[in-house]
Each structure stands twice: as structure tokens, then as C-alpha cells.
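To start, the structure itself, in C-alpha cells.
The basis for the numbers below is simple: all heavy atoms, side chains too, and nothing from hydrogens, waters or symmetry mates. Note that ligands are numbered from 1 as they come in the structure, with each ligand's atoms numbered from 1 the same way.
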Amino acid sequence: MELKVLPGIKSPADVRALPVARLPELAAEIRHAICQQIMKTGGHFAPNLGVVELTIALHYVFDFSHDRLLFDVGHQCYPHKLITGRAHMLPTLRQTGGMSGFPDPRESAYDLFSVGHAGTAISTAVGMARGDLLRGESFDPETNPEGRHVCALVGDASIVNGVAMEGLNNAGTLKRQFLVIFNDNGMSIARPQGALAAYFDRIRINPAYRKVKQKARDVVAHLPGGALIGEMYHRVGEMAKDAVTEDTWFEKFGLLTVGPIDGHDLPTLVDMLLEVKNVDRPMVLHVHTVKGKGYEYAEGDATTFHAPKPFKVERCKVALSSGGGRSFTSAFADALIDIMERDDKVVTCTAAMPDGTGLNKVMPLFPDRSWDTGICESHAMDMMAGLAKTGFKPFFAVYSTFVQRAFDQVFQEVSLHALPVRLCLDRAGLVGGDGAVHQGFCDISIMRVFPKMVLTAAMDETSLSAALEFMRNYHDGPSVVRYPRDSVSEMFADRVCPPFEMGKARALVEHETPDVAVLGYGVMAINAMQALDLLNDEYKVNVYDARFARPVDIELLRSLIQRGIPVITIEDHGLEGGFGSCVVDACHEAGLDTRRITTLAIPLRWIYHGSRSDQMQEVGLDPAAIARTIREAVDVDEKAMPIVEVAAKTRQTVR
Ligand SMILES: Cc1ncc(C[n+]2csc(CCOP(=O)(O)OP(=O)(O)O)c2C)c(N)n1
């Protein structure tokens, strides 16, 4: 396709300069550009194809250099980026130093928040609406017609999130313009879950409701703007209630509701947005879109095409790139299936990530013992606590970055009651293209504060199975296993994996009188082994798969430290409060000299998108950097190195 309109779009003002009749052409070109790019590099696909027209219409009607546009999750921001002067960055999408796949204020003033977790748009929008009001800058049809409007764009799966609900609850109290654009495509990554999803489905398919809402639109189409329109909608909304069995749910929150309207019909979208733009009270525009719109395969399978790896289409068949090797996610799914087959007390759940966590393979086999809660991590954690209380053995499969949402539930409902909820943390560590908003950098730091919490990590497939089996048999409190977004290493596939024993590391290479000992946490043990290859037997290095961050293997540490052997800890986790910090604290408590412990970890700064291997290099966790650290640890003058210097050196190594 030859691009004719998109190359001329340097800012939203260029979109507004086009006649409405040319907007569909722009939409087709944006879709084409996104398609071409995702086929090459992968990235969020179906969510972006679904909002092309909606995004164009929003920029056509509002001026977001002045007005506020808040994205929920932010994975649907590509059309927005193309319109806001970033089309030239598209080829660098999600690559090191390139364009982020999520809104990013470092890139553009049009991106207000760096987002990636669901549910936040309405709350941040409420905050900005209140802030603008306080500053006297908000839109008011009477007193400040040039003031700022506020819009929040939220999907139907994200709006059931607890945070979004709290936001709606507050939005309804605003006394000013506030527009929630409800992007209803009937999909999460997989099928959306819960009673509200069923309710939205009913609205979508109820023709009577649509007819009434269409009538509402016709009635108000010719009225002047402002409060009058609001009143009209409200009254027609009341009429709608009589006409159909469902009432308008958002109106219970005090938000006027209009729609559903067709989110791919640009003239209608522009008309509708113009109509609701100046309504001076909080309202919802319910927009019906098709996830993956315009790309047959993505429309047909929005789950696979939610965020695919690079892909090709050959003879009408889609070939997704396999991305190298068996993933930890698949290994986890198979290990969990094995456990669930052996133990009918084991139950499991995911919070809207059946595909991402591997539970899509588990759930059909155990439909009575597995659940998808929707994007509701806090609820899922408490549900697991309830299941543990009734004697079941819950395994919650969740990304490291999303478990943060349930921190308080681990505290109050799980840990305080010493309930054995098992947390299986996928995507722990650096995650690659998703970047800063999804890094699994602090699960150890936040989980280690709980009494009786046991923290483990898996270095490969067999150790993941062994960790899960250990957790199944640990009943005194919660436990965690973490594993990365990576494929499993085959390095130790032919060695027998000893069972996990509480607080015991596994020796991978052991000399009687080593020059240095390396304790790798999880897959970092494999990186340490790769570093050994680079050292060509220069030094005698003991390598341990640490297995436990809590409790750490204090006997091993005692034996190493008392023999004067330098210790290096390595982890794909933040330095503050991570595995190395657990080691140093435990040694300190045991009265051991901690001066010759070097802690390699992710430094205290944000690591942005790029390939996982680039990120590893950036933070000094790749085998070459580990080899350098080993050399330095052995060669350093060990005699009188005060603690502060050790700490400074550690930070220097990881930059
Ligand atoms: C707290 C949290 N949990 C899980 C996710 C993973 N996630 C990203 S997009 C998505 C689905 C969002 O669905 P919806 O809001 O309807 O938008 P759509 O993709 O359908 O456009 C999920 C579950 C997330 N981003 N944040």
C-alpha cells in the first residue's frame, strides 16, 4: 500500500486539517503501518487495530496538546503515537533506545503517564480533572470554554478491575466535564471474565437497547452543547431503562451513558464526540469495537494476535516465529498438570493471563479446580486465601509485575494467617520489549517482609518442577517460585535434579578449595556457568544454584566465609532488598564477616524496553560481566577492604 496521508501527519493538527471524508483513508494507512511493523518485530497488535478510528476521532475532536487523554493499560497507544509525531519511530518499536510499546512521557508531551498495568486511567484522569479545576484551567461551557477537557480510554476487561471501579466511584462525584471512553470489544487477552462481562455482552447483543440509544442520539443531535445535552441524555437514558431489561450500569455511578456506538464508523464517531465533548458532567461514551479490526487473522483469533511475536503469512497461513526453545511458561504448565493429576487438593488460578501463564493448557484439564478471575489480582489472591482456608492447596500463577497489585492481600489475608498460598511468578526479572512498566524487579523485596514466607527460584525445567513439589508440601505459610520470560536451559537436563530441601542450595560446580564462590539465584546460576566457560579455568570457581532467598543457605555461607572465600551473589532482581540483600542480612545476623560478599543485581534505576539480552548487558548480568566480576572478586586486595568500599564497588560493577 502506498501511504499518502500518514506521511503528512506530523501532529494532531494535521489530522484536524483533513476533511472527515479522508479520515477512513488515514485509518487504513495507520492499520497498514502497524501491520507491517508487528509482522517484523512483534508487539501489541489486535488492541491497536481495534482503536484506529477511535483514536483518530479523539484527536480530531479534542486537542490533546491542551486537553487530557489518559490510556488504560496503554497497549493500544500505537495509533496515538503515529498521530502525535512519532511515525518515524515506529521501526524502532520496543527495541533498545527505540519507541516504547506503551505511553511514555519521555517520548512525548501527548503521553501523560507511563502506563502498563490495567485499571488506572480513570483514577489518574480524576486526579487531573481535579487538578485542572483547582488551577482554574478546566473546561466549563459558561466560564472557561477554552479550558481543558479530560478523557480516559478504558477497555471492557480493564474496567472491571478494582482500581477502575474505585475510579468510577469517584468520577461520578465530579462537577465538571469528564469523559470515559469505554472501548468495548468483548475481549480481554482471552475472554473477559465475571458477571459484568456477561452484562456487557447482553448490552452488546440486545437490539432493543441499541435502538433506544440510537433514538437518543437522534433526539439530541441538533441541540446546542452544554448541560442541556447532558439533561437530554439523562432523560433518554431513563427511557432506555423502561425499554430493556438491563438498566445502564454506569449511571448508578452518576455517569451519563451514551452508546453503544460503532467504533469503526468515523463520521459517527466524530459526530458523537462533538456532541458529548462539551457535556459539563461526568459521562461514558460506550463504543463498540472489534479487536483486531481490519486484519482477518487478528479478528478471528484476537488472543493469539493480542501481542504476537513476529509473524509471516504464507499461502494464507500465519506462521508465528517460535522464538527459540521451550519456555518456562510451558514447563510450568506441564509441571502443574503433573501435580494436579497426583493431588486433587491442588487448585489454581490466573488473573486474566491464561495464555501468558500457561494455565490455558491446565484449565481445560481441571475445569473444577482452575479459575480465571479477570484482571483482578487482589481478588484472586484473597480467593486463593479462602481456598487455602478450606483445606485446598492453591497455586496462583501470576506475573511478577502484577503480583504487586496483591501485596496487601498477601499481608492481611495470606501471611497473617500463615496460609499456604503458593505464588508462581512468571516473567520474574527483566522482561525485554514490554520494558519498565512490566519489569519483575521487586518480588523478592516485597515478599521477604512476611513471616514464614519461603522464597525460591527455578534455574531450569527440572528445578521448576522440584520447586513446585516442594511448595505443594510446604504448609506453614505462603511460598513463591520465580522464573523468567525465557526459554529453559538444557545445560543440566541430563543431571538428576535433587529435590528442594528447605534453605539448601544445590552445588553445580564444587572445588574443595575454591578461589571464589558464586551463588546464582534462579536462572542466574546458568549465567554463572556460562561465565565459567569464558574464564577458561583461570580460577577455581564454585557455582551454586542458590534455590532459596529465604531462608538462605546459611551453613554454606558460613563454611565459605569462615574459609575466607569471596562470595558473589547474582540475581535478575533489584539490588535493594533482593537475594543478595537476603544473603548479606542473614550473614550479618549470623555474625559472619560480610565484607567479601559482592552482590550483582539490577541497579536502582528504570530499565527500559529492549531485548532481554540487551537489558542483561545493560545491568551487568550477562556472562561476560559476571566473568569480569569473578576476576575482580578474586584479584582484589582482600586485606583491608572496608565495608563501604565493597558496597561502592558493587554498585560500580552494576553501574
Ligand atoms: C494489572 C494488570 N493485570 C494484567 C494485565 C495484562 N493485560 C494487558 S492487556 C490485558 C487485557 C485488556 O483488555 P481490555 O482492557 O478489554 O483491552 P483490549 O486489549 O481488549 O483492547 C491484560 C489482561 C495488565 N496489563 N495489568
Taking 4.0 Å as the limit for heavy-atom contacts, which would you say applies to [X] with ligand 1: side chain only, backbone only, both, or neither?
| X | result |
| --- | --- |
| D156 | both |
| I189 | both |
| Q76 | neither |

Protein contact of [atom] - nearest heavy atom, named by residue and atom, plus distance:
| atom | result |
| --- | --- |
| atom 21 (O) of ligand 1 | N185 ND2, 3.3 Å |
| atom 18 (P) of ligand 1 | K291 NZ, 3.4 Å |
| atom 15 (O) of ligand 1 | S158 OG, 2.6 Å |
| atom 5 (C) of ligand 1 | F402 CZ, 3.2 Å |
| atom 26 (N) of ligand 1 | A118 N, 2.9 Å |
| atom 8 (C) of ligand 1 | V73 CG1, 3.9 Å |
| atom 25 (N) of ligand 1 | G116 O, 2.9 Å |
| atom 3 (N) of ligand 1 | E377 OE2, 2.7 Å |

Please list, in number order, the atoms of ligand 1 under 4.0 Å from a heavy atom of [X].
| X | answer |
| --- | --- |
| G155 | 14 (P), 15 (O), 16 (O) |
| H75 | 9 (S), 17 (O), 18 (P), 19 (O), 21 (O) |
| M353 | 6 (C), 23 (C) |
| H117 | 25 (N), 26 (N) |

Review point. Would one find an N or O of A351, backbone or side chain, under 3.5 Å from an N or O of ligand 1?
Key: no

Exercise for review: State whether the shortest distance between N or O atoms of M187 and N or O atoms of ligand 1 falls below 3.5 angstrom.
Suggested key: yes

Practice item. Using the side chain to side chain contact (heavy atoms under 4.5 Å, CB included) rule, take F332 and D426 through it: C-alpha gap first, then chi angles, then the decisive distance, then the call. Key: CA-CA 9 Å; F332 165 73; D426 201 324; 5.8 Å; no

Study note, to complete from the structure: The single option from R485, Q439, H44 that satisfies side chain to side chain donor-acceptor pair (under 3.5 Å) with D434 is R485

Practice item. Would you confirm whether the ring centroid of F182 sits within less than 6.0 angstrom of the ring centroid of F200? Key: yes

**Study point:** F113/F71 aromatic ring centres below 6.0 Å
**Key:** no

**Study point:** Identified ring-ring contact (aromatic ring centres under 6.0 Å, His included) partner of H438 from the options Y608, W606, Y399, F102
**Key:** F102

Review point. Does R369 make a cation-pi contact with F392, if we ask for NZ or CZ under 6.0 Å from the ring centre and within 45° of the axis?
Key: no

Point to revise | Heavy-atom donor-acceptor pair, H117 side chain to V437 backbone, under 3.5 Å | key: yes

Practice item. Report yes or no: does H573 contribute a side-chain atom to a donor-acceptor pair with the main-chain N or O of I444 at less than 3.5 Å? Key: yes

Review point. Strictly by modelled atom types, are H59 and H80 linked by a side-chain donor-acceptor pair under 3.5 Å?
Key: yes

Review point. Is the closest heavy-atom distance from H44 to ligand 1 below 4.0 Å?
Key: no

